[in-house]
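Encoded as structure tokens, the structure appears first; notes follow it.
The figures here come from the full heavy-atom set of this structure, side chains too, leaving out hydrogens, waters and symmetry mates.
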Amino acid sequence: MTTDLQRFKDELAAHLDWFAERGRKVSFWWRDDDAVEPTPALDRMLAFCNRHGVDMALAVIPKNATENLAARLQDEPHAWVLQHGWQHKNFQRKDLREKAAELGTRRDPDELIAQLTDGKLRLEKLFAAKFIKAMVPPWNRIAPEISRRLPGMGLPGLSTFTWHNFPRDHQVQSHVDIIKWKKQVRFIGWESARLRFDLQLTRRRNTGSEPVGLLTHHLAHDEECFEFLEEFLAISAHHEGAEWPRIETLFG
């Protein structure tokens, strides 16, 4: 066992001990992005959910979602579906160094809302009660006008990526992305994981009950990402200082 791995495990357990000793619990939730069809990687994720008894919210891309995915998730007690834009396509201008977004400022709002409405209807048809009415913007970016219009089209929930406090009701953030994306896509490493969870759990001692959001992308995982999930869940899913609320309750 590497020194970095042992330090990660020790510090995670120490944080959770702190909450347990005070009769408190820190909440966790798990979001996994870009699902469209069953894959061996997704099977491994669902096995983690079932082994450790925790829910996973799959951000599904409506345009490409398959009936096979719906069939695969139908009898999974811990799998839930959120809406991941419409097609996960960038419309911002790379030549102007704008950051990627599908739900960004370059779109005609009415056209985009129409697409998102079609996506919502498609996910409702495919996943029925497993679909939670919440939007996960591709690349975690959304123009303010589009964000304001989501509740009116029947999508009150929203999840992006930030360590800041959530700005509105029914918004549930992700905080720790376990993948390093630039250059070679890979696990962030045990030391980076330790520091990111240390930040979030230290803040939770003083800032209330906002759930710590774990962010994964099963299609991009290397073997170390799966190893991380096993080690992290083995502690956090079974500790008296932690809790994993049902996904549908988080979004109200």
Task: Residue pair Q200, R204: steps toward the side chain to side chain donor-acceptor pair (under 3.5 Å) verdict - done: CA-CA 6 Å; Q200 296 302 326; R204 294 314 179 284; 3.0 Å; yes

- [ ] Begin from the C-alpha positions of H218 and D34 and carry the test side chain to side chain donor-acceptor pair (under 3.5 Å) through to its verdict.
- [x] CA-CA 8 Å; H218 66 275; D34 303 341; over 6 Å; no

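Within a 6.0 Å radius of CZ in R97, no more than 12 heavy atoms belonging to other residues, nucleotides or ligands are found.
With R31 contributing its side chain and T160 its backbone, the two residues share a donor-acceptor pair below 3.5 Å. The backbone N or O of Q173 lies less than 3.5 Å from a partner atom in the side chain of W29, making a donor-acceptor pair. Formation of a donor-acceptor pair under 3.5 Å by the H170 side chain with backbone atoms of P156 is not found in this model. In terms of modelled atom types and a separation under 3.5 Å, the side chain of R149 and the main chain of P144 share no donor-acceptor contact. With hydrogens and angles disregarded, a donor-acceptor distance shorter than 3.5 Å links the side chain of T249 to the backbone of R246. A donor-acceptor distance shorter than 3.5 angstrom exists from the side chain of Q83 to the backbone of L116, with no hydrogens or angles considered.
With salt bridges taken as basic N to acidic carboxylate O contacts below 4.0 Å, one links K9 and E231.
Separation of the W190 and F228 ring centroids falls under the 6.0 Å cut-off. Ring-centre distance between F232 and F28: below the 6.0 Å cut-off. The ring of H88 has its center closer than 6.0 angstrom to the ring center of H84. Aromatic pair H52/W244: centroids not less than 6.0 angstrom apart. Taking the six-membered ring where the residue is Trp, the centroids of F187 and F226 are separated by 6.0 Å or more.
Taking both residues in full, the closest heavy atoms of T66 and P38 are given as OG1-CD, 4.0 Å, listed atom of the first, atom of the second, then distance. The two residues S159 and P137 come nearest to each other via the heavy atoms O-CD, 3.2 Å.
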